[in-house]
Amino acid sequence: MNQIPPLDLGLQYQSIAAEVEAAVRDVMASGRYIGGTAVEAFEAQFAAYTGTSECVACASGTDALYLALRALNVGPGDEAIAPSFTFMATAEAISLVGATPVFVDIEADSFNLDVSQIEAAITPKTKAIIVVHLFGQAADMTRLMAIADTHGLAVIEDCAQATGALWHSKKVGSIGKIGCFSFFPTKNLGAFGDGGAVTTNDAHLAAHIRVLKDHGATKRYYHEFIGINSRLDAIQAAILQVKLRHLDDWNTNRRQVAANYHQLLQPLAGVIPPRETPGGVSVWNQYTIRLQCQDPNRDNGEFRDQIRHHLQASGVSSTVYYPLPLHQQPVYRHLGYTPGSHKVAEQVAQEVLSLPMYPEISPEQQQQVVGELQNILVQAPGHL
Ligand SMILES: *Cc1c(COP(=O)(O)O)cnc(C)c1O
């Protein structure tokens, strides 16, 4: 039996090969490999898709976050609030601008920032909140924006995993001050390499980000700021234009895949399927279940890792996003968070398992995933 992969980008390529190859050939023949019409057209199309007036393309999602914080003048001495359960890049960008991340715990059923805990984390040094729409699901932007407005804080949306997701019919990346996107190949809109973008409705901020991503130059060879070199390649922009035309169909397929999983998993004891937050439409970058061991004497993380191992042996790939919350990372030891300070993130990190999720996965493959999981769970805890 063939191994079911976590995702299958080769299969997706087959369905768009002719369009992609024509677009890439056009760029190669144009002789314009940095900037130019491919990048400008993609920026315009992505702004329109997101429902913002401005889009600035850059080299990665990490750069997008870094540039957003720089543009908002978040720097040394400042604090920025971020969820404790997300990919490292969210907090890393805060550290890279010289500010300090202040971690807030998450909600177990959405994996997103627990908005009710934000106010307790605000200090006179707080400048911004980075909210992450984790695994493709929008965080509660209504409550979050109300808190941010009350305290005069800028909101950056980390949309790396949620391109196309909605919160009350608005696209993520159009609700806060700045939206940050990644086009890493495994994201919902993935390039054939690295890429990223910033979206905003603030023309002044967008202009400032354009300067910062181009070595801080306001005019060529005249530098007003210390910036960086962060560009989306023309070839990647051309590929992304093609893929953007298919994104809504792919996201619709992901929603169907999630609905199938949800139904198949209902009868399984000890498995908590992910829950879609009312008010949001998830684009399911990941389908992440939680596994809870019925034996109170066993460690949940070890139980989960063994199930993952058995799944792998029976032909099903799964992934742990993320095994260690950010407030417990070695690099943030100096911040002094004690065990139990972010209980939900710490618990969830022991329980999560992301199942194969991509638009092209077949119902038969999904049945196999859940069938193997069921076989393994029936033997637990005695035989694992
Ligand atoms: C992928 C990701 C990023 C970083 O994007 P890159 O393009 O890989 O730099 C940031 N935040 C989250 C939540 C991500 O998943």
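Every number for a ligand or one of its atoms is a count from 1 in the order of the listing. In this chain, residues are counted from 1 in sequence order.
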Taking every heavy atom of S282 against every heavy atom of E276, the minimum-distance pair comes out as N-OE2, 2.8 Å
| task | For this output row, return yes or no: ring centroids of F46 and F181 closer than 6.0 angstrom. | result | yes
Those residues at least two apart in sequence (or on a different chain) that pass side chain to side chain contact (heavy atoms under 4.5 Å, CB included) with D26 are none
inquiry  = Using only atom types and a distance under 3.5 Å, with no angle test, would you say the side chain of R290 pairs donor to acceptor with the backbone of E351?
reply    = no
Looking just at side-chain N and O atoms, do Q117 and D105 make a donor-acceptor pair shorter than 3.5 Å? no
Could you list each N/O atom of ligand 1 together with any protein N/O atom closer than 3.5 Å, one pair per line with the distance?
from	atom 1	to	atom 2	distance (Å)
ligand 1	5 (O)	S182	OG	3.3
ligand 1	7 (O)	G61	N	2.8
ligand 1	7 (O)	S182	OG	2.6
ligand 1	9 (O)	G61	N	3.4
ligand 1	9 (O)	T62	N	2.9
ligand 1	9 (O)	T62	OG1	2.5
ligand 1	11 (N)	D158	OD1	3.3
ligand 1	11 (N)	D158	OD2	2.8
ligand 1	15 (O)	Q161	NE2	2.8
ligand 1	15 (O)	K187	NZ	2.7

Exactly one candidate in I147, I129, L144, I118 meets side chain to side chain contact (heavy atoms under 4.5 Å, CB included) with L153; the answer is I129
